[in-house]
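Beneath this line is the structure, given in structure tokens, with notes to follow.
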Amino acid sequence: MDIYQQILTKYWGYPKFRAMQDDIIKSIAAGHDTLGLLPTGGGKSITFQVPVLARDGICIVITPLIALMKDQVENLKKRDIKAIAIYSGLTSYEINMFYDNCIFGNVKFLYISPERIGTELFRIKVQEMNVNLIAIDEAHCISQWGYDFRPSYLKIVNLKELLPDIPVLALTATATPEVVDDIQDKLGFKKKNVFQKSFERKNLVYVVKETDDKEKYLLKIINNVRGTGIVYVRNRKKTREISDLLRKNKISSDYYHAGLKNETKDIRQNNWKKGKTRVIVSTNAFGMGIDKSDVRFVIHMDLPDSIEAYFQEAGRGGRDEKKAYAVLLYHKSDRIKLEKRVDTNFPEIKIIKRVYQALGNYYNIAIGAGKNNVYDFKIADFASTYKLEILKVYSSLKILQKEGYIEVTEEINNPSKIHFLVDKHELYKYQVANINVDNFIKLLLRSYTGVFNEYVPIDENSLALKSKIPVDTIIKYLQKLNNSKIIRYIPRKRTPLIIYTEERLDEKSLLISQENYKFRKENFIEKIENVINYASSTAKCRSQILLSYFGDKNPNRCGQCDICLKRNELGLSKYEFDLILKKLKELLRNNSYTIDEIMQTITLKEEKVIKVIQWLLDNNKIKYLDDKKLEWA
């Protein structure tokens with residue numbers, strides 16, 4: 001058993017690596033820049049966490065998702081592995097302490113958001129760290145061809161300049177061949193080095209059901225398939241409506257979206273993970289970092305914006321490699337709804353500029369000022385103040401982000417934290433002189449460890465329960481100790497953030513690239529056309545459509561999706577159907593023939609050939625000409 005296998009078993013309890021994990025680990029251990037393509041649930045984090053534990057030094061992990069960053073740090077801490085996350089919204093006191101812990105302590109993983117790379121403090125501190133690996137999660141964000149481009153990812157190559165001999169591991173679950181090449185180019189790989197696990201999910205059954213009554217079919221699926229599941233919907237209001245529908249039909253359900261309080265989200269997520277709730281109905285806010293292997297169905301009530309998004313969300317089903325269903329409910333009117341999103345996602349440039357100027361006024365930022373400043377952001381209040389449509393505000397902010405002017409974070413939950421600023425001797429002297437807070441200080445020290453060394457999350461409600469003191473009084477004690485410079489108390493904060501990555505510009509200097517705007521809009525239209533093609537296809541295996549999209553040249557039919565099952569009803573084996581189909585395609589692709597002429601050419605059983613011809617006619621793959629000849633449509 002090699003060192004990597006020992007670490008995997010010791011910390012994660014797995015007897016062996018999954019496909020590709022070991023190859024990726026050995027590649028970066030040899031010092032090679034590496035791109036790993038592993039599907040959702042394929043164990044991407046293992047590929048950088050295991051090799052880093054096998055040697056001295058720290059790994060810098062770059063990810064755009066604060067929630068996922070915090071989740072991974074907590075998971076590592078549960079395994080007694082020291083990890084830290086630094087992101088916008090922390091205080092300067094916390095950030096400085098975290099950097100020092102990475103330089104002088106035994107921290108193994110430092111998680112940062114990509115915009116952090118551009119700060120002067122990080123650039124100074126990182127050069128004092130013993131870095132052994134740079135890991136980049138969601139690496140597709142570096143490519144404008146990707147479905148979630150973020151210009152802050154383009155700064156990662158600057159980190160390579162600061163740490164020139166440190167290997168880079170880029171990871172993603174979804175990337176087309178174009179994006180795969182672009183990732184390696186943008187990260188400055190010396191040579192192409194890709195490890196790609198097939199995107200094929202043999203245990204996942206893809207189904208598209210065209211129906212006028214989606215709710216009726218939803219109930220039918222859930223009643224026919226045992227186990228837990230996820231139902232994805234487009235908006236927050238619909239999460240509640242569908243969850244209520246399920247409950248009325250005696251199906252254990254709850255709803256989830258980004259607008260809920262974090263305590264509520266945590267409870268609902270945990271109830272679902274533990275099986276107390278069978279079905280969670282959610283927007284796409286649910287799923288990142290959710291490690292539940294026994295999801296038996298993932299149902300989409302609405303068309304997603306891209307194949308990448310659909311593949312990732314559907315891929316949350318069946319991670320235990322047992323049979324699961326990915327069902328997309330479709331109606332022809334969905335096409336119109338999806339096409340309308342083009343206008344919503346791409347407001348006129350004059351609206352984008354108006355949003356930018358309003359944002360600067362909202363925060364009273366002078367022209368030429370504001371760079372690297374971080375602001376709490378309440379989109380509803382902002383839109384109301386300037387009489388703007390919320391959806392257009394959101395889309396405008398995303399475009400401004402892609403132009404590199406600002407960063408917009410998801411809503412983050414920062415619990416209250418404390419850190420003792422004095423040593424134990426000074427604290428004792430303070431307790432003697434301030435007997436009225438002595439018992440409260442003792443309560444803090446009994447309740448939390450590490451408070452002298454780092455910022456520790458606390459829960460005011462928990463302290464109130466333990467001490468039988470009102471929460472308001474607990475907060476007053478904490479504020480008193482903070483004002484006396486005994487502790488640094490950071491109250492809980494829960495809000496999205498706006499970060500100015502450049503100084504505020506006047507209207508004439510604000511450039512929204514027409515070329516980029518047009519390219520992104522065309523790229524978005526192409527992506528929704530691919531989604532519509534997937535949903536409306538009646539002739540090609542669902543798995544083949546998905547695998548072809550991600551660059552698989554000759555994907556096999558899955559034999560179990562709704563399209564394949566229709567073919568199977570013909571009474572032909574998969575081999576027989578594919579053989580006849582191949583011969584007919586070769587024959588009719590460039591010429592037309594009558595059925596008699598076809599039978600003379602294809603020397604297989606006539607009744608089987610006729611069945612395939614009829615199936616192709618029914619699915620508009622071939623057609624009759626006026627002279628009774630057939631040709632490929």
Side-chain angles (χ1 to χ4, degrees), residues 64 88 113-115 117-118 138 140-158 178-179 182 186 305-306 309 338-375 377-410 496-529:
S88 298
S113 48
E115 68 268 13
I117 296 167
E138 309 293 332
H140 58 268
C141 292
I142 205 169
S143 173
Q144 289 213 51
W145 296 102
Y147 71 103
D148 193 18
F149 170 65
R150 291 168 183 255
S152 54
Y153 263 63
L154 298 173
K155 296 175 183 173
I156 295 172
V157 74
N158 299 332
E178 204 166 28
V179 172
D182 207 22
K186 293 288 194 304
D305 285 345
S306 68
L338 196 56
E339 287 170 345
K340 281 182 179 177
R341 290 183 66 78
V342 177
D343 292 330
T344 304
N345 285 18
F346 292 88
E348 294 177 53
I349 287 177
K350 65 181 181 181
I351 293 174
I352 300 168
K353 289 189 171 187
R354 185 182 162 201
V355 169
Y356 177 83
Q357 295 305 333
L359 196 67
N361 296 337
Y362 188 62
Y363 294 119
N364 295 314
I365 303 170
I367 302 296
K371 186 174 182 179
N372 294 325
N373 286 4
V374 181
Y375 303 93
F377 184 62
K378 295 178 180 176
I379 191 168
D381 180 65
F382 172 73
S384 173
T385 301
Y386 293 95
K387 296 180 173 54
L388 295 162
E389 293 179 43
I390 283 187
L391 289 177
K392 289 195 174 178
V393 168
Y394 180 80
S395 297
S396 296
L397 293 174
K398 286 296 181 183
I399 290 170
L400 289 165
Q401 176 173 278
K402 288 178 179 178
E403 289 292 326
Y405 294 117
I406 60 169
E407 286 281 342
V408 188
T409 75
E410 76 267 31
L497 302 171
I498 291 282
I499 305 139
Y500 271 75
T501 46
E502 297 293 340
E503 67 274 1
R504 183 186 176 184
L505 302 172
D506 61 31
E507 192 165 349
K508 289 180 182 177
S509 303
L510 180 70
L511 300 176
I512 306 297
S513 165
Q514 287 277 5
E515 186 180 341
N516 285 347
Y517 181 89
K518 184 182 176 188
F519 166 76
R520 289 173 191 145
K521 190 172 183 178
E522 289 173 349
N523 193 32
F524 181 76
I525 291 169
E526 184 180 337
K527 287 187 181 299
I528 65 174
E529 284 296 331

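As the structure is a computational prediction, the values presented were derived from the model and not from experiment. Because only heavy atoms are used, hydrogens play no part in the values below, and waters and symmetry mates are left out as well, while side chains stay in. All residue numbers refer to positions in the sequence shown, counting from 1.
- Partners of V157 by side-chain contact (heavy atoms from CB on, under 4.5 Å), not counting sequence neighbours: none found.
- Not a single donor-acceptor pair under 3.5 Å links the side chain of S113 to the backbone N or O of E115.
- Legend: residues meeting side-chain hydrogen bond (donor to acceptor under 3.5 Å, both in side chains) with T501, ordered by chain and number and at least two apart, are absent.
- In this structure, A383 and V393 approach most closely via the heavy-atom pair CB-CG2, 4.3 Å.
- The nearest pair of heavy atoms linking L505 to Y356 is N-OH, 2.9 Å.
- Under the 4.5 Å side-chain criterion, counting only non-hydrogen atoms from C-beta, Y153 is in contact with P64.
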Run the side-chain donor-acceptor check on residues 360-371: report pairs under 3.5 Å with partners two or more places apart or on a different chain.
residue: N361; atom: OD1; partner: R504; partner atom: NH1; Å: 3.4
residue: N361; atom: OD1; partner: R504; partner atom: NH2; Å: 3.0
residue: N361; atom: ND2; partner: Q357; partner atom: O; Å: 3.3
residue: Y362; atom: OH; partner: D381; partner atom: OD2; Å: 2.5
residue: Y363; atom: OH; partner: D376; partner atom: O; Å: 2.8

Show me, pair by pair, the donor-acceptor contacts under 3.5 angstrom made by side chains of residues 343-354, not counting sequence neighbours?
residue: T344; atom: OG1; partner: K340; partner atom: O; Å: 3.4
residue: K353; atom: NZ; partner: L510; partner atom: O; Å: 3.3
residue: R354; atom: NH2; partner: Y386; partner atom: O; Å: 3.2

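- A salt bridge does not link K527 with D305: every distance from a Lys NZ or Arg NE/NH1/NH2 to an Asp or Glu carboxylate oxygen is 4.0 Å or more.
- Scanning both residues, V355 and F382, for their nearest heavy atoms gives O-CZ, 3.8 Å.
- Counting heavy atoms from C-beta on, the side chains of L400 and I512 come closer than 4.5 Å.
- Residues in residues 388-406 take part in these side-chain hydrogen bond (donor to acceptor under 3.5 Å, both in side chains) pairs, two or more places apart or across chains: E403-R520.
- Residues satisfying the side-chain hydrogen bond (donor to acceptor under 3.5 Å, both in side chains) test with Y375, not counting sequence neighbours, are N373.
- Distance NZ/K186 to CD/Q144: 7.0 Å, rounded to 0.5 Å.
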